[in-house]
Amino acid sequence: MIAAPLTRAHVLYASKNAPKQNDAQLGLVLAALPTFTVPGRGLAFLGEGKVYAVTGLAPLWDGVSEAWFIPTEDMQHKKVQTIRLVRRELDAAIKRLKMRRVQAVVRSDFDGAHKLAKFLGFQSEGLMKQYGPDGLDYERYAKCLYN
């Protein structure tokens, strides 16, 4: 498995193969795709002709980005390998882009995503009621780095 710069084709593959609870997020990623195809801002995790997941960092302002992650159904077959590679690549991107804070939101009912956020070193900052484009509750996570 490799991490490759994100392309439109990767996101379109994910849109056809991701769990349905990611539909709202996929729409936002497609709408902002030029942001995530800037070198170092978006990645796809690939192997065997499949896209296992796509991820990226959306800049908010200097030193702060919003992280997003969308797994595909194919990831179930390479879950541990994918997640370890995501952690390595995310940490490398945070250093390379000189981030002091990376934040993310996770739908309250998406248990696997909460586990992933914690594994990646994010800490919960609290519940955000009716936050998402789907009107559902989300939890804010953040990873702060002190240089």
Side-chain angles (χ1 to χ4, degrees), residues 1-15 17-19 21-47 50-72 74-76 78-134 136-147:
M1 178 181 307
I2 63 164
L6 188 68
T7 68
R8 181 175 181 77
H10 297 140
V11 177
L12 292 175
Y13 181 101
S15 70
N17 297 289
Q21 65 257 40
N22 290 298
D23 284 352
Q25 188 175 26
L26 275 162
L28 295 171
V29 170
L30 279 167
L33 197 58
T35 299
F36 304 122
T37 54
V38 170
R41 288 282 178 189
L43 291 171
F45 300 93
L46 314 168
K50 298 175 183 174
V51 176
Y52 296 107
V54 292
T55 190
L57 293 168
L60 297 176
W61 44 83
D62 191 35
V64 180
S65 287
E66 182 87 15
W68 57 270
F69 176 81
I70 301 170
T72 68
D74 298 316
M75 191 178 110
Q76 292 306 314
K78 300 269 187 177
K79 195 173 195 174
V80 172
Q81 187 179 1
T82 304
I83 291 171
R84 284 182 180 159
L85 186 56
V86 167
R87 182 169 63 180
R88 187 182 82 204
E89 293 296 327
L90 177 65
D91 288 346
I94 288 169
K95 282 184 179 180
R96 186 174 55 253
L97 296 169
K98 297 180 172 93
M99 296 285 102
R100 68 175 184 275
R101 175 187 170 91
V102 177
Q103 61 187 39
V105 295
V106 175
R107 229 172 73 173
S108 291
D109 62 347
F110 200 177
D111 293 335
H114 290 278
K115 289 178 186 175
L116 175 62
K118 291 171 186 171
F119 177 78
L120 296 175
F122 287 77
Q123 294 180 334
S124 175
E125 291 186 335
L127 181 67
M128 302 185 320
K129 294 249 183 223
Q130 300 178 14
Y131 172 79
D134 45 19
L136 297 174
D137 295 347
Y138 282 67
E139 192 165 338
R140 167 70 66 201
Y141 282 88
K143 184 174 185 170
C144 294
L145 302 117
Y146 302 100
N147 299 331

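All values derive from a computational prediction rather than experimental measurement.
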Quick one: closest heavy-atom pair of [X] and [Y], and the distance?
{"X": "Ala3", "Y": "Leu85", "result": "N-CD2, 3.9 Å"}
{"X": "Met1", "Y": "Thr82", "result": "CE-OG1, 3.1 Å"}
{"X": "Arg100", "Y": "Asp62", "result": "NH1-O, 2.7 Å"}
{"X": "Met99", "Y": "Ser65", "result": "SD-OG, 3.0 Å"}
{"X": "Tyr141", "Y": "Ser124", "result": "CD2-N, 3.5 Å"}
{"X": "Asp74", "Y": "Tyr52", "result": "O-CD2, 3.4 Å"}

Query raised in the report: Would you say the side chain of Leu90 lies within less than 4.5 Å of the side chain of Thr55, judging by non-hydrogen atoms?
Result: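 Of all side-chain heavy-atom pairs linking Leu90 with Thr55, none is under 4.5 Å.
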Requested in this report: State, yes or no, whether a side-chain contact exists between Phe45 and Glu89 at a heavy-atom distance under 4.5 Å.
Outcome: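 When only atoms from C-beta onward are counted, Glu89 and Phe45 do touch, with a gap below 4.5 Å.
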Report task. First locate atom CD of Gln103, then atom CG of Leu60, and finally report the distance between them rounded to the nearest 0.5 Å. Result ->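 Result: 5.5 Å between the selected atoms.
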Query - side chain to side chain contact (heavy atoms under 4.5 Å, CB included) between Leu145 and Lys95, intermediate numbers included - result: CA-CA 9 Å; Leu145 302 117; Lys95 282 184 179 180; over 6 Å; no
Report task. Decide side chain to side chain contact (heavy atoms under 4.5 Å, CB included) for Ile94 and Lys143; before the verdict, give the C-alpha distance in whole Å, the side-chain angles of both, and the deciding distance to 0.1 Å. Result -> CA-CA 10 Å; Ile94 288 169; Lys143 184 174 185 170; 4.2 Å; yes
Query raised in the report: When you look at CD of Glu125, are more than 12 heavy atoms from neighbouring residues, nucleotides or ligands closer to it than 6.0 Å?
Result: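 More than 12 heavy atoms, drawn from other residues, nucleotides or ligands, come within 6.0 Å of this atom.
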Requested in this report: Please step through side chain to side chain contact (heavy atoms under 4.5 Å, CB included) for the pair Phe110 and Leu136, ending with a clear verdict.
Outcome: CA-CA 11 Å; Phe110 200 177; Leu136 297 174; over 6 Å; no
Requested in this report: Take Met75 and Ile83 through the test side chain to side chain contact (heavy atoms under 4.5 Å, CB included) and record every step on the way to the result.
Outcome: CA-CA 9 Å; Met75 191 178 110; Ile83 291 171; 4.0 Å; yes
Report task. Using a strict cut-off of less than 4.0 Å between a Lys/Arg side-chain nitrogen and an Asp/Glu carboxylate oxygen, indicate whether Glu66 and Arg140 qualify as a salt bridge. Result ->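 Yes.
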